Amino acid sequence: ALKKAMDDRINDYEMHSLFYDVEMPFSVVLSDMEHAGIRVNPDKLQELSVKFGKKLIELTKDIYDLADTEFNINSPKQLGEILFERLSLPVIKRTKTGYSTDAEVLEKLRAAHPIVENILEYRSLMKMKSTYADGLLALVDKNTERIYTSFNQTVTSTGRISSTEPNLQNIPVKTEEGRHIRGVFTADGPGHVLLSGDYSQIELRVLAHISQDPGLIEAFIKGEDIHTRTASEVFGVLPEEVTPLLRDRAKAVNFGIVYGISDYGLAQGLGISNQEAQEYIDAYFERYPGVRDYVRETIRSTKLSGYVTTLLNRRRYIPDINSRNYHLRSFAERTAMNTPIQGSAADIIKVAMVKVYNHLKQNNLKAKILLQVHDEIILDVPEDELSIVKQILKQDMENAILLKVPLVVDFMQGYTWEEL
DNA sequence: GCGATCAGCGG
DNA sequence: CTTTCGCTGATCGCT
């Protein structure tokens with residue numbers, strides 16, 4: 001009776017294929033990934049912890065000297081008292097309960113007192129040591145020298161998966177120190193390599209497809225650098241005249257489109273005024289009118305139906321779309337335009353992974369899918385299977401779902417995750 | 001021991 | 001007035 005009730009609703013929502021052809025097979029893929037785990041080098045992890053710890057001791061000394069007192073640097077409350085009362089630095093921002101001491105605030109105070117730079121470095125190193133070095137070490141299986149994460153298929157609103165205990169979807173990559181954490185994740189042993197395939201600009205390609213914007217489609221068909229193209233369009237200069245600064249700003253605008261941030265969020269991200277940010281957004285919609293129309297039409301239809309859908313008919317309800325509260329409504333509007341983009345990208349990589357999984361099985365290959373980090377798939381591959389597995393990965397990822405623009409995948413291989 | 005708060009990581 | 005999500009760790013006040 002329950003099955004019939006659920007089946008009726010799945011059919012009613014036209015989600016039969018999404019459920020039976022994608023999510024159900026995908027659950028088996030995730031299960032195998034969890035069971036496989038990923039090999040780590042615990043000694044290297046321990047070394048990193050010690051190295052971070054030694055630097056933290058030095059920094060702690062320097063910070064105490066500069067403050068001329070000892071306090072708990074890990075306590076935002078105590079740190080705030082030191083910075084804004086004892087050292088009388090200007091208060092930039094407040095939290096609900098007191099002074100804000102986040103990185104954005106500290107960046108603005110960098111020049112005001114030498115202690116600030118030390119605190120920034122301390123914060124970064126403490127994050128690396130506590131969350132990553134020590135946190136991961138505690139979750140290494142001593143018998144197998146592997147880490148087994150849990151993937152959750154049903155927590156996000158967009159259709160993405162999440163990862164816990166540990167979260168292997170937010171391992172550092174942006175800083176040199178952070179990348180070394182990736183160096184502790186290795187292939188299964190000599191004769192094996194890690195192979196990654198990551199989608200290039202999958203969200204913006206999905207946007208090009210669903211909006212059918214001519215400029216966006218042309219950019220991807222011609223294989224242009226999308227951030228440079230956007231900079232050229234938004235700032236009205238020739239592509240060859242796009243400076244790194246302009247490209248960075250355009251990249252932030254594209255980021256905003258993909259993640260559904262507000263003009264306020266874009267302004268914060270770029271360190272410009274809200275008005276300036278709004279002007280960038282207006283210019284973007286002016287130059288990509290298909291995107292403007294897509295956003296308008298999506299908001300209009302969401303107000304009527306109460307939900308948005310992805311390429312594979314995944315559905316998200318957005319009740320606040322008709323709220324009289326400006327902030328709730330604005331947030332709902334960004335969610336309405338963003339969810340089909342992120343959610344469709346999630347659909348695509350799930351389909352790809354099911355295909356890869358089946359093809360590995362059909363060919364009796366030992367290669368295993370280990371991780372998925374939203375737009376990339378990481379596998380462990382015996383070296384003698386590398387050629388065939390690469391072919392499978394390329395074929396299945398690039399042809400997971402046919403779009404009006406090509407899906408481009410970049411491949412990397414190495415003995416450790418840091419090399420990918 | 002637990003929940004709220006603040007902070008910071010990735011895509 | 002606002003701030004992308006999901007995750008984890010440290011602190012702190014509470015039971």
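Nothing here was measured: the structure is a model prediction, and the numbers come from that model. Chain letters run A, B, ... following the sequence lines, proteins first, then strands; residues in each count from 1.
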Test: A:R315 cationic atom under 6.0 Å from A:Y13 six-membered ring centre, within 45° of axis: yes

OP1 or OP2 of C:dT11 under 4.0 Å from side-chain N/O of A:N74: yes

Between P on C:dT11 and CD on A:E81, what's the gap in Å once rounded to a whole number? 15 Å

Using OP1 and OP2 only, check whether a side-chain N or O of A:Q268 sits under 4.0 Å from C:dT4. no

Just checking A:V258: base, sugar-phosphate only, or nothing, at a heavy-atom cut-off of under 4.0 Å? nothing

If I take atom CZ in residue A:R316 and atom P in nucleotide C:dG6, what distance separates them, rounded to the nearest angstrom? 7 Å

Is there a donor and acceptor pair, one atom on the side chain of A:N167 and one on the base of C:dC7, closer than 3.5 Å? no

Rounded to whole Å, the CG-P distance (A:L79 to C:dC12) equals 11 Å

I need the CZ-C1' distance between A:F52 and B:dC9, as an integer number of Å. 13 Å

When all nucleic acid strands are considered with a 4.0 Å heavy-atom cut-off, which category describes A:R329: base, sugar-phosphate, or nothing? nothing

Is the closest side-chain heavy-atom distance between A:I147 and A:D141 below 4.5 Å? no

Considering every strand and a 4.0 Å limit on heavy-atom distances, what is the contact class for A:Y326: base, sugar-phosphate, or nothing? nothing

Mind checking A:R123 for me? I need base, sugar-phosphate or nothing, with any heavy atom below 4.0 Å counting as a touch. sugar-phosphate

So what does A:T335 touch, heavy atoms closer than 4.0 Å: a base, only the sugar-phosphate, or nothing? nothing

Closer than 3.5 angstrom, by distance alone: can the side chain of A:D320 be matched with the main-chain N or O of A:L328 as a donor-acceptor pair? no

Using the benzene-type ring in the case of Trp, are the ring centres of A:Y284 and A:Y288 under 6.0 Å apart? yes

Nearest-angstrom distance from the residue atom OH of A:Y132 to C1' of B:dG8: 8 Å

State, with a plain yes or no, whether a side-chain heavy atom of A:N152 is found less than 4.5 Å away from one of A:S163. no

Ranking A:R160 and A:D134 by the position along DNA chain C of their nearest nucleotide, the one closer to 5' is A:R160

Would you say A:T335's side chain and A:F331's backbone share a donor-acceptor pair under 3.5 angstrom? yes

Under 4.0 Å, counting only non-hydrogen atoms across every strand here, what does A:E165 touch: a base, just sugar-phosphate, or nothing? sugar-phosphate

For C:dT15, give the paired nucleotide (Watson-Crick: N1-N3 plus N6-O4 or O6-N4; G-U: N1-O2 and O6-N3; both under 3.5 Å), or none. none

Between A:N170 and C:dT8, is there a contact of a side-chain N or O with OP1 or OP2 at under 4.0 Å? no

C:dT4 to B:dG3 separation - P atoms, rounded to the nearest Å: 27 Å

For the side chain of A:D375, starting at C-beta, report the closest nucleotide among C:dT4, B:dG11, C:dA10. B:dG11

Under 4.0 angstrom, heavy atoms only, what part of the nucleic acid is A:A103 near: base, sugar-phosphate, or nothing? sugar-phosphate

For a quick check of understanding: with a heavy-atom distance under 4.0 Å over all strands, which category does A:F255 fall into, base, sugar-phosphate or nothing? base

For a quick test of reading the model: is some side-chain N or O of A:S162 closer than 4.0 Å to OP1 or OP2 of C:dC7? yes

Under 4.5 Å between any side-chain heavy atoms of A:L370 and A:L379, yes or no? no

Figure out the CZ/P separation between A:R334 and C:dC5, and round it to whole Å. 9 Å

Does C:dG6 have OP1 or OP2 under 4.0 Å away from a side-chain N or O of A:T164? no

Enumerate the protein-to-nucleotides 2-6 of chain B contacts in which both atoms are nitrogen or oxygen and the separation is below 3.5 Å.
from	atom 1	to	atom 2	distance (Å)
B:dC6	OP1	A:T95	OG1	2.8
B:dC6	OP1	A:K96	N	3.3
B:dC6	OP1	A:T97	N	3.2
B:dC6	OP1	A:T97	OG1	2.8

Name the nucleic acid region contacted by A:N72, choosing base, sugar-phosphate or nothing; use a 4.0 angstrom heavy-atom cut-off, strictly under. sugar-phosphate

Is a donor on one side and an acceptor on the other found under 3.5 Å between the side chain of A:E34 and the backbone of A:Y148? no

Using a cut-off of 4.0 Å on non-hydrogen atoms, how would the nucleic acid contact of A:S163 be classed: base, sugar-phosphate, or nothing? sugar-phosphate

Expressed in angstrom and rounded to an integer, what is the separation of A:L139 atom CG from C:dC7 atom C1'? 13 Å

Using a strict cut-off of less than 4.0 Å between a Lys/Arg side-chain nitrogen and an Asp/Glu carboxylate oxygen, indicate whether A:D380 and A:R39 qualify as a salt bridge. no

